[in-house]
Structure formats: structure tokens, C-alpha cells
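Residue numbers begin at 1 in each chain, while the letters A, B, ... track the order of the sequences.
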There are 2 protein chains.
Amino acid sequence: MLPIEEKLDPRVKRTRGLILGAFTNLLAEKSFDAISVQDVTEKAQINRATFYKHFLDKYALLDRWVEQQFRQEIESRVLDACHYTPDNLRILLLTVCEFLFKVRTDCMQSQRQFEPLIEKQVKNQVYELLNVWLGKMNPHLSTEISATVAAWAIYGLASHYSHAKKLPALEKFVDEALPLVAVNLEQFA
Amino acid sequence: MLPIEEKLDPRVKRTRGLILGAFTNLLAEKSFDAISVQDVTEKAQINRATFYKHFLDKYALLDRWVEQQFRQEIESRVLDACHYTPDNLRILLLTVCEFLFKVRTDCMQSQRQFEPLIEKQVKNQVYELLNVWLGKMNPHLSTEISATVAAWAIYGLASHYSHAKKLPALEKFVDEALPLVAVNLEQFA
DNA sequence: TAAATTATACAACATCCGTTGTTTATACAA
DNA sequence: TTGTATAAACAACGGATGTTGTATAATTTA
């Protein structure tokens with residue numbers, strides 16, 4: 001599950017770093033839809049054909065980018081190395097809300113392709129995390145369905161929040177929404 | 001909200017019908033990603049430029065297609081003209097599961113663009129439906145958050161079911177999963 | 001250090017895309 | 001029925017895509 005840090009040819013590491021870096025910069029200027037592979041390779045000072053050696057297409061690049069960004073948020077809060085508590089669940093929901101909000105404001109939002117890839121990555125990571133948490137609590141109960149419901153609910157709430165016209169205070173929103181998620185996980189406590 | 005049946009130029013109606021029809025047929029042979037606008041217009045016997053008069057791109061076409069297909073499922077079960085009961089909620093979850101399963105098996109599944117658009121359409125329709133249901137029950141309570149959680153949970157469960165390697169009996173799955181959705185709506189009863 | 005492996009640069013390709021301008025055919029209303 | 005409006009056909013464009021083949025440069029291994 002962890003991204004195994006294989007010994008990589010330094011050229012590969014360098015090239016991938018250049019691509020990711022160029023992409024990060026471009027996202028600050030343009031919407032994802034408006035970014036072409038050419039843009040990325042020009043800014044990265046990389047040949048276009050080289051790009052395709054490392055990524056299937058620009059969507060795979062975004063996928064990788066989101067994976068890194070969100071994993072960083074999770075790890076910086078040590079959520080990946082703790083266990084379930086109502087408070088940690090609250091922090092998780094907050095994290096997802098803030099991440100989506102940041103991504104939505106920083107990177108000029110572009111509907112078509114951007115959001116679904118964000119969703120897939122974030123939702124998966126939340127799902128995996130919940131599975132670990134629940135598995136620790138009661139190893140005899142099946143966690144799949146509860147983790148699925150909770151992961152989708154959490155992302156849905158965060159998405160709802162980040163889309164809201166006039167957003168309420170985040171804390172207030174989380175206070176109101178959290179019980180709806182927590183109620184499904186109580187059976188494991 | 002309802003797709004207003006405007007009086008349309010018969011040429012328009014004919015062309016859109018041809019496009020939707022060609023697209024339906026193509027989905028049975030190819031994955032969505034593999035279908036090009038050219039494919040559609042060739043099969044529809046339509047000029048490619050004409051296509052762009054009616055749809056922004058092939059994703060907009062899929063969007064429209066899903067909207068029609070799923071709305072049909074909802075309406076054929078009269079879910080849009082009834083009110084909340086635990087049993088209707090059950091039917092709704094079943095409907096989404098069956099729809100996703102059908103789509104997944106009929107149309108050769110293609111990850112990248114197909115699923116997200118299905119999700120957006122289906123989830124929105126479920127959300128709107130739940131808002132109506134909940135609004136009827138207790139007009140004083142705010143429905144947004146509950147409807148959001150429930151809509152995401154329902155779609156997530158259906159997605160989980162349709163992705164499962166060895167799928168359990170649908171009825172069994174729904175029996176197990178339904179309470180996790182229903183518990184969030186009980187405050188309205 | 002020398003030979004091998006492998007990444008990148010470069011150029012060229014067919015394909016699809018979305019758009020534009022013009023002409024022809026169809027629908028509708030006076 | 002005739003005039004007007006508008007949809008569709010057609011052709012052509014610039015641009016991005018993804019792929020391929022060859023040459024060069026860097027890294028690793030022996």
C-alpha cells in the first residue's frame with residue numbers, strides 16, 4: 001500500500017520530479033482542462049515523448065499528484081498511525097473538507113476531469129484508513145460496508161461543503177455533520 | 001427540474017434521436033473511452049459538425065444518456081411520485097444497485113470517464129429525490145446534510161456492490177446495508 | 001575502466017478534436 | 001404558397017494527442 005521507495009535511476013527520479021513540479025506550477029495558473037501535455041513538458045524542459053514513458057496521459061499525472069498531496073495531509077496529522085476515536089474521525093472529516101477547499105480555490109476549478117480524479121483518490125485513501133481503524137477495533141466484524149458508507153459520506157460532506165455558495169464556518173458544519181457519519185461506526189466501539 | 005418538453009423542430013428531435021440511438025448501440029460494442037465523436041456521427045449518419053450543435057462533447061452526450069436511462073428507472077417504479085417509507089428507501093437502493101450492475105455489464109466498462117459521469121447523474125437524481133421525500137416529512141428541518149450523506153452512501157453502496165468480485169445475493173446485501181442509510185433519516189420521521 | 005543497459009532527445013506520423021464559413025434543405029408562419 | 005428562419009451537410013483549418021524509430025547521453029554493472 002505504501003509507495004515503495006524503490007531504488008530509481010536518478011534520471012527517472014529527476015524527470016518525474018520535473019514533471020510533477022511543472023504540473024504543480026501550471027495548476028496555479030490554469031485550469032486542469034486547459035493544461036496540455038505540451039504545456040507540462042515545455043515547462044519541465046522535457047521531451048513530450050518522455051512524458052509518455054512515465055505517465056499514461058495527463059489524467060494519470062493528476063492522479064499521482066493528488067495521491068501525493070492528500071497523503072501528505074493525512075501523514076502530517078498522523079492519522080495513518082493512530083486508531084479510531086470520535087475526535088480522530090472529526091479530524092479526518094476536517095482534513096478532507098480543508099483539502100477540497102484548498103484544491104478548489106488554489107487550482108482554478110475545472111469540472112469535467114478534475115473533480116472525479118480528486119474524488120477517486122481521496123475516497124480511496126479515506127476508505128483504506130477507515131478499514132484499518134475499524135479492523136483494529138473489532139476484528140470479528142466485517143468492515144467493508146461500514147467503511148464504504150463512511151468514506152462516501154465523508155467525501156460527500158466535504159464536497160458539499162466546498163461547493164456551498166456561502167460557506168458556513170467549517171467548525172459549525174463539521175459539528176452538525178459528524179454525528180451522521182459516526183453513528184454508523186458505533187457498532188464497532 | 002423536469003426536462004421541459006419544448007416544442008422542438010422535428011429536425012432537431014430526429015437528429016438528437018439518431019445521436020442517442022447510435023450512442024446506445026456503440027456502447028454495446030465498445031467502451032466509452034473507445035468511442036469517438038466520429039464513431040457516433042458515422043453510425044448516426046450525421047455530419048460531425050452537427051453533433052457539436054447539440055452536445056458540447058462526448059461527455060455531455062453520456063451525461064444526457066445516463067440522465068434519461070436512470071430517470072426511466074426511477075419513474076418506472078413511481079419513486080418520483082411517492083413519499084418516504086423504509087420500504088421505498090429499500091426500493092431506491094435496489095434500483096441504484098441494479099442500474100449500476102446493468103450498466104456495468106451491458107456497456108463494456110471503461111474507467112476513466114465513464115463512471116464519474118454515471119455517478120454524478122445518478123447521485124444528483126437520488127439527492128433531489130431524497131430532498132423531496134424529507135421535505136415532505138418535516139418541513140422545519142434542514143434536509144441538505146442528511147440528503148447529502150444518504151445520497152452518497154446509497155451510491156457508494158451500489159458502486160461497492162457492482163464492483164464486488166463475487167457478488168452476494170443482492171437482497172442479502174441490501175438487507176445488511178440499508179440500516180446504515182436509514183439511521184440517518186429517522187430524525188425526520 | 002569498458003561494456004551493457006536504459007533514459008532522454010528529436011522528428012515525423014496518423015488520428016481525433018473543436019471550430020468556422022458556406023451552401024443546401026427543411027420547417028413554419030403570414 | 002411564398003418568404004423567412006434555421007437546421008444540417010460539407011470542407012477545411014490549426015492544434016493536441018499518442019505512437020514509433022533512431023540517435024545520443026547518462027547510469028549501472030562487471
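- Here the P atom of nucleotide C/dT8 and the CZ atom of A/Arg16 are 8 Å apart, to the nearest Å.
- Looking at B/His163, its side chain does come within 3.5 Å of a backbone N or O of B/Ser159 through a donor-acceptor pair.
- No path of Ile, Leu, Val, Met, Phe, Trp and Tyr side chains, each step under 4.5 Å between heavy atoms, connects A/Leu185 with A/Val183, placing them in separate hydrophobic clusters.
- Of all nucleotides listed (D/dA8, D/dT27, C/dT19), D/dT27 comes nearest to the side chain of A/Pro10.
- Pairing of C/dC16, defined by two Watson-Crick or G-U wobble distances under 3.5 Å, is identified with D/dG15.
- Look at CG on A/Asp57: it is 10 Å from P on D/dT17, rounded to the nearest Å.
- With hydrogens and angles ignored, a donor-acceptor pair closer than 3.5 Å exists between the side chain of A/Arg11 and the base of D/dA26.
- Within residues 36-48 of chain A, the residues having any heavy atom closer than 4.0 Å to DNA chain D are, in order of number, A/Ser36, A/Val37, A/Gln38, A/Arg48.
- When each of A/Lys58 and A/Lys53 is assigned the nucleotide of DNA chain D with its nearest heavy atom, A/Lys58 is the one assigned upstream, toward the 5' end.
- Spacing between atom NZ of A/Lys13 and atom P of D/dT28 amounts to 11 Å, rounded to whole angstrom units.
- Ion pairing of A/Arg14 with A/Asp9 is absent here, as no side-chain N (NZ or NE/NH1/NH2) approaches a carboxylate O to less than 4.0 Å.
- Side-chain N/O atoms of B/His54 include none lying less than 4.0 angstrom from OP1 or OP2 on D/dA7.
- One atom, CG of A/Asp9, and another, P of D/dA25, lie 17 Å apart when rounded to the nearest Å.
- One can place CZ of A/Phe51 at 18 Å from P of C/dC10, the figure rounded to the nearest angstrom.
- Between B/Phe32 and B/Phe23, the ring planes are perpendicular. Angles over 60° get that label, and only those under 30° would be called parallel.
- In this structure, OH of A/Tyr52 is placed 13 Å from C1' of C/dT15, rounded to the nearest angstrom.
- More than 12 heavy atoms of other shown residues, nucleotides or ligands fall within 6.0 angstrom of atom CD in B/Gln68.
- For the pair A/Lys136 and A/Tyr84, the cation does not sit on the ring face, since its NZ or CZ is not both under 6.0 Å from the ring centre and inside 45° of the axis.
- Aromatic ring centres of A/Phe114 and A/Tyr59: separated by at least 6.0 Å.
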